[in-house]
Amino acid sequence: MRRTPYPKLTLLLVLGQIGLALAQASSSTSVTSVAPKSSPTATASPAAVITDPSSLVLSFIGTTNGGHVFPGATLPHGMVKVGMDTDSPGNHAGYDADPQFNATGFSQLHDDGTGGAVPLSNFKIWAFANCSSFETCPTSIASRKILRNILPNGSPDDFASPGYFSTNLTNSIRVELTATRRTALHRYTFPSGTTNPRIMLDLTNDGQRSSTDPVMTLDSDTGKLEGGASFAASFGPGRYSTFTCVTFKGEGYDLGKPTEYGIWLGDFPVRGATNILQVYYGFVDEIGGLLTFQPAPNGGSTSILVRVGVSFISSAQACANAEEEIPDFDFTRVQTVARAQWNDVLGRVQVDTTGVDLDTVKLFYSSLYRTHISPADYTGENPKWNSTEPYYDSLYCNWDTYRTLYPLMSLHDPVTFSRIVRGMIDIQKHEGWLPECRGATAMHFIQGGSNGDPILGEFFVKFHQFSASLNVSDDDLYNALLADAEIEPPNWNVQGRQANAWKQFNYIPQDMFSPGGANTKQASRSLEHAFNDFSISQVAKVLGKTEDAQTYTQRAGNFVNLWNPNITVPGGPGVIGMMQPRFANGTFNFTDPRHCSVHDPAKATCFLNAANRDGFYESSPIVYSQYAPQDTAKLIELQGGLDKFISRLDFIFDQDYFDSTDEPSQQIPFMYHYANRPGLSTQRSRQIIAQSFNTSINGLPGNDDSGAMGSYAAFYLSGLYPLPATQQFLLSSPYFQQISFFNPVLNTTTKIVAENFNGNPPDGTGGRVFIQSVAVNGQPYKSNCYLDWDVFTSGSLVELTLTDDISVTCGNGTDAIPPSLSTGGYDSEVIP
């Protein structure tokens, strides 16, 4: 998603871990000299193994100024994401690192890095140390909110690491959070001398204040609170229902029965009420439960554990989830298990830290960490149909994540990837089309094309030999792709694509006003559909479906139908030709190439708006004119040859048309590879990291987009860029002397070693970072510009010889340049 660009930011001493958290994380880094798992061929001098990569994660990167990163406690792809909510206007993930904003509660569900309206933030828990009486506790959000303690350096007294979050509030209450997949565990430590520790559940205040149809009961003997409500989707027209079950336990003492209890409405707790039907509530009122417990005996420190189960089925299932996952209320155990799960997935990617600034190491592991926050594993929590298949949600949105997040999973977490694919296929079986943008079981608005297609294509092209063992049906996967490609849904705003017009015209005409969806962003959708169909063609080829492969390969070339060779760019001499909207009669409309860029005279955002007639979504025609990753060679031809192609790329960067905040720009720094100038790709990609990513609380150029920006940065730091649904990864130099990827399905480790490595230039310019030659398992490789997937399946040793000469090339062989459809790549017939 697009967001307002922020100025280039210098590295801040905050380093993402607010206040003292930095020192704690740094001191806990665990490094031992043990050789990692690898296949016999991947041998090289062993680097020290990072056994606790969680200690290198800075959870607060991008938690202010629009990053919308979730820094709370969760498991890899956990459904529950328990964290602090604030009254920041940018509280899309609840939290904001800016200390001027108040804490308003600690809710159980969040998304990471999203735009749109504020998602989730359901079922806030809050504690009171010193209300003058039960009836005077300030229970509404506006009344109860308070600031956090401030450290001497001006940052809030918050700490986070994978699976754990804590804060110290100005009411002297300390809050700690950890989680299992569907259950949160809170620990509230009250100040010494607290005589009436109170805890409340806010049932109705989600991030949008959108609740309807609340239900809740309170057990006066145990304090158990059960309930739920209906809430608004954050990026679409739907609603969802979710439920909770809250139980309590004293830490180190018998909590006993609540000494006071009741239902609260606004700022009015009603003592003795045990059901919300006992208060006069109306539409979107603030409602919840309030409990008073006895303090710890003998004046000791009072800590109360709050276990919060969540379900999208019922409050009874929320209770069952809590009992199953945290039967013992053991905070330390839950936190330890969570950290172990994070270390397992993060530790599959190892880097040699020798000669590398610690900030770079932390930036890498923090970026890798954020690729595993979303999508969320809602398995067993699908209220729409019964199924034994996995169910993943928070697909917010495929348009953001298909480019880099899922290819990164291919390298080190294919089992989770396979479960996500199975869940997507199951959704298609029951809803007719693959999910695109989805949150909390509700369909959201589609941003681009049917971008579930390249996600399934990415999985199948790389793991079709393992599909049966991973319980992925080849037939079901292919049928799901065909449904997207061939069947037009009743509402293509939320499902599928405008398939009939696409098939009839080989582009989506701008002057068609069909009733099945918003008649806008026709040009960008057409470009996306061309790549979507390319993805389907690659699956068809693997399955031996020759006729289908030819059909979808032909459609993959439809991007040329939007090329108007007569368009020029004001201030861009030599930049001739541009993707443009087109009418049904074949003539072109005109959209200023600068539209939706920093140079747009109209200052347009190109966000979702059915009134827009520009033809493009969230990026300029200049940027979209570079989007045909299946056939960059054809783009070079259309743009006047190698020299003019390079000049156009330079123009995009030098004139700030490249937008690091938005996904359509992501592949552009690596496009010099196709012009046989990989050194320029290396330098541009490193400059992007230097200018747009760092380890501060402001360390992202915009929204994290459900891990899209995290996976993007992780790939750049790895010296790779993926081509989804293909066998290729574009190759540059990593920021480390060695980086290795362990793949548990393949049971192989692939190690990339940078010979002559002598560090990374801080501004990304120059340095001994350009690839002079590549050897795989001791033999010269066919290209200096990309690696085929078989390098990873066999667990290879990739050795890069580095130089400071930016004029390096891809090599001299016939296969040195990365493949394109029009030059016979991807096992295709040459397209005229």
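- Judged purely by atom type and a 3.5 angstrom limit, Asp453 has no side-chain atom pairing as donor or acceptor with the backbone of Asp533.
- For the pair Asn784 (side chain) and Ile771 (backbone), a donor-acceptor distance under 3.5 Å is absent.
- Using a distance-only test at 3.5 Å, with no hydrogens or angles considered, no donor-acceptor pair links the side chain of Arg419 to the main chain of Pro390.
- Checked by atom type and distance alone, the side chain of Arg677 never pairs as donor or acceptor with a backbone atom of Tyr674 at under 3.5 Å.
- One finds no salt bridge joining Asp705 and Arg403 here, because no Lys/Arg side-chain nitrogen approaches an Asp/Glu carboxylate oxygen to under 4.0 Å.
- Checking Trp385 against His430 by side-chain atom types alone, a donor-acceptor pair falls below 3.5 Å.
- Between Phe235 and Phe607, the ring planes lie tilted relative to each other; the angle falls in the 30° to 60° range.
- Within 6.0 Å of CG on Asn386 lie no more than 12 heavy atoms contributed by other residues, nucleotides or ligands.
- Contact record, Thr793 with Thr748: O-CG2, 3.4 Å, taken as the closest heavy-atom pair.
- In this structure, Asn561 and Phe505 have side chains that are not in contact, with every pair of non-hydrogen atoms separated by 4.5 Å or more.
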Take Trp789 and Phe463, measure what ring-ring contact (aromatic ring centres under 6.0 Å, His included) needs, and give me the verdict at the end.
-> CA-CA 10 Å; Trp789 178 238; Phe463 294 102; 5.6 Å; yes
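- Ring planes of Tyr627 and Tyr624: perpendicular class, angle over 60° (limits at 30 and 60°).
- Heavy-atom contacts from other residues, nucleotides or ligands closer than 6.0 Å to CG of Asn812 number 12 or fewer.
- Although no hydrogens or angles enter the test, the distance criterion places a donor-acceptor pair under 3.5 Å between the side chain of Ser796 and the main chain of Val791.
- Using a 4.0 Å cut-off between a side-chain N of Lys or Arg and a carboxylate O of Asp or Glu, Lys782 and Asp815 do not qualify as a salt bridge.
- For the pair Met578 and Pro593, the tightest heavy-atom approach, listed with the atom from each and the gap, is CE-CB, 4.0 Å.
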For salt bridge (Lys or Arg N to Asp or Glu O under 4.0 Å), just list the numbers for Lys521 and Glu618, CA-CA rounded to whole Å, side-chain angles, deciding distance to a tenth of an Å, and then say yes or no.
-> CA-CA 9 Å; Lys521 53 191 174 86; Glu618 283 200 6; over 6 Å; no
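- Remark: of the listed residues Leu405, Thr416, Val345, Val345 is the sole one forming a side-chain contact (heavy atoms from CB on, under 4.5 Å) with His372.
- With hydrogens and angles ignored, the 3.5 Å screen pairs a side-chain donor or acceptor of Thr379 with a backbone N or O of Tyr391.
- Counting only heavy atoms from C-beta outward, the side chains of Trp492 and Ile446 never approach each other to under 4.5 Å.
- Asn589 pairs in a side chain to side chain donor-acceptor pair (under 3.5 Å) with only one of the listed residues (Gln522, Gln510, Gln580), which is Gln510.
- Taking the centre of each ring, Tyr712 and Tyr716 come in below the 6.0 Å mark.
- At least one donor-acceptor pair under 3.5 Å links the side chain of Ser783 to the backbone N or O of Cys785.
- Of the N and O atoms on the side chains of Ser467 and Asp474, at least one donor lies less than 3.5 Å from an acceptor on the other residue.
- For Arg370 and Asp112, the salt-bridge test fails: no basic side-chain N is under 4.0 Å from an acidic carboxylate O.
- Between Pro621 and Met579, the shortest heavy-atom distance links the atoms CB-O, 3.9 Å.
- Of all heavy-atom pairs between Pro414 and Phe459, the closest is O-CE1, 4.4 Å.
- Using a 4.0 Å cut-off between charged nitrogen and carboxylate oxygen, Glu528 and Arg525 do not count as a salt-bridge pair.
- Ser234 approaches Tyr396 most closely through the heavy-atom pair OG-OH, 3.0 Å.
- At least one donor-acceptor pair closer than 3.5 Å links the side chain of Glu436 to the backbone N or O of Asn451.
- The shortest distance between side-chain heavy atoms of Pro678 and His673 falls below 4.5 Å.
- At a cut-off of 3.5 Å, with distance as the only test, no side-chain donor of Asp475 or Ser473 sits close to an acceptor on the other residue.
- Proximity of the aromatic rings of Phe792 and Phe729 is defined here by a centroid distance below 6.0 angstrom, and this criterion is met.
- Across Pro565 and Ile576, no two heavy atoms sit closer than the pair O-CG2, 3.3 Å.
- Residues Glu663 and Tyr402 have side chains not in contact (no heavy-atom distance under 4.5 Å, counting atoms from C-beta outward).
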